[in-house]
Amino acid sequence: MLVQSILLGFIGVFCALDSRILGRLNFERPLIGSTLVGLVLGDLQTGLVVGASLELMSLGIVNIGAAAPPNMNMASIIAAAFAIFSNANAETALTIAVPISVLGQMLDIVLRTFLSNFSHRADTLIEQGKFAKARRIHIGWGTLLYGLSYFIPIFMAIYFGTNLVQQLVDIIPEWLTDGLGVASKILPAFGFALLLNTMLTNRLIPYLLLGFLITAYSGLDVTGIALFACIVAFVMYEVKYGRNGGNGGNAEEVDPLEDDL
């Protein structure tokens, strides 16, 4: 358990630093984090199922500026680990993930408040021409503290809390479990609604309704509908932007390398 807790802690650190010093490779997404947990613990299927459920919940969550949304990265790692260790289903994992994400959000707020003082110190060092020390504050201390803010909670939760969390889940009243189960089904829809609110336009509404009707009446699963949508998108692209499609289909194609002389 010690080795597994350390490995999962390092996964949390790696995912947390994705959008900070590694660029943005989307390792901090719940689907990727939970899948990595399943890979380390030898249950890739459970990791994928839990990650997919949490990904649907967090589709509409966007970290903008200093805003600290619920920490779905930490929640996905801990929830996937608990689901694998306790042989729980995805719904039980979601009941664990929701409070953990809120706890992670509080830790993020505390850490960002603390790190804001580092920025003032770095400004002073820059004014004094001490650029190396200012660089160490941002790249060194900032990275270290962010890493510890993920490693320590994940390590402690996995190493000390597996049996405890399972006992807490077992003593939860049935009415509360049922309510959380309903909430776990609503939250993915809420995530989709937040996402559509930012990208849906009147021109795209027919495609949304088409996908909904196909899902409701065709009996196809999500994979089949996704493949069907890819084919439709490819055909529409070829019709509009394919060879001679952008100029009415009857104009001669001009070689951009042809010499005017």
Side-chain angles (χ1 to χ4, degrees), residues 1 4-5 7-12 14-16 18 25-61 69-104 150 153-154 157-158 161-170 172 174 176-195 211-212 215-216 218-230:
M1 182 66 72
Q4 293 173 328
S5 301
L7 290 176
L8 295 183
F10 280 122
I11 288 177
F14 175 74
C15 294
D18 171 43
L25 305 176
N26 283 329
F27 283 104
E28 64 178 352
R29 300 302 305 176
L31 178 60
I32 305 300
S34 295
T35 301
L36 292 176
V37 171
L39 188 63
V40 169
L41 299 182
D43 192 346
L44 187 60
Q45 180 177 355
T46 301
L48 283 169
V49 171
V50 174
S53 300
L54 292 174
E55 187 70 33
L56 292 176
M57 290 174 56
S58 60
L59 279 175
I61 297 177
N71 194 329
M72 299 304 298
N73 181 13
M74 184 185 297
S76 64
I77 294 174
I78 297 176
F82 284 156
I84 293 172
F85 285 136
S86 60
N87 294 320
N89 54 28
E91 292 183 357
T92 303
L94 292 181
T95 62
I96 298 172
V98 171
I100 292 176
S101 66
V102 176
L103 175 62
Y150 278 76
I154 293 174
I158 303 302
T162 305
N163 295 330
L164 177 60
V165 171
Q166 183 59 41
Q167 293 173 4
L168 291 175
V169 172
D170 291 337
I172 293 176
E174 184 177 355
L176 182 58
T177 303
D178 294 340
L180 291 173
V182 174
S184 68
K185 294 180 174 63
I186 296 176
L187 287 174
F190 181 67
F192 271 118
L194 290 175
L195 184 65
F212 173 78
T215 304
S218 67
L220 294 175
D221 57 12
V222 175
T223 303
I225 295 173
L227 294 174
F228 177 75
C230 290

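Residue indices begin at 1 and follow the sequence shown. Excluded from the calculations below are hydrogen atoms, water molecules and symmetry mates; all remaining heavy atoms, backbone and side chain alike, are included.
The two atoms that bring Gly38 and Ile84 nearest to each other are CA-CD1, 3.8 Å, heavy atoms only. Looking at every heavy atom in both residues, Gly33 comes nearest to Cys15 through CA-SG, 4.3 Å. Closest heavy-atom contact between Ala83 and Thr46: CB-CG2, 4.0 Å.
Only one option out of Leu8, Leu36, Ile158 pairs with Leu41 in a side-chain contact (heavy atoms from CB on, under 4.5 Å); it is Leu8. Partner of Ile77 under the side-chain contact (heavy atoms from CB on, under 4.5 Å) criterion, chosen from Leu54, Ile154, Val50, Val40: Ile154.
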*Intermediate values then yes/no, side-chain contact (heavy atoms from CB on, under 4.5 Å), Leu7 and Ile11*: CA-CA 6 Å; Leu7 290 176; Ile11 288 177; 5.5 Å; no
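For the atom pair Ser34 OG and Leu39 CG, the distance stands at 12.5 Å (nearest 0.5 Å). Put simply, SG on Cys230 and CD1 on Ile225 are 12.0 Å apart, with the number rounded to the nearest 0.5 Å.
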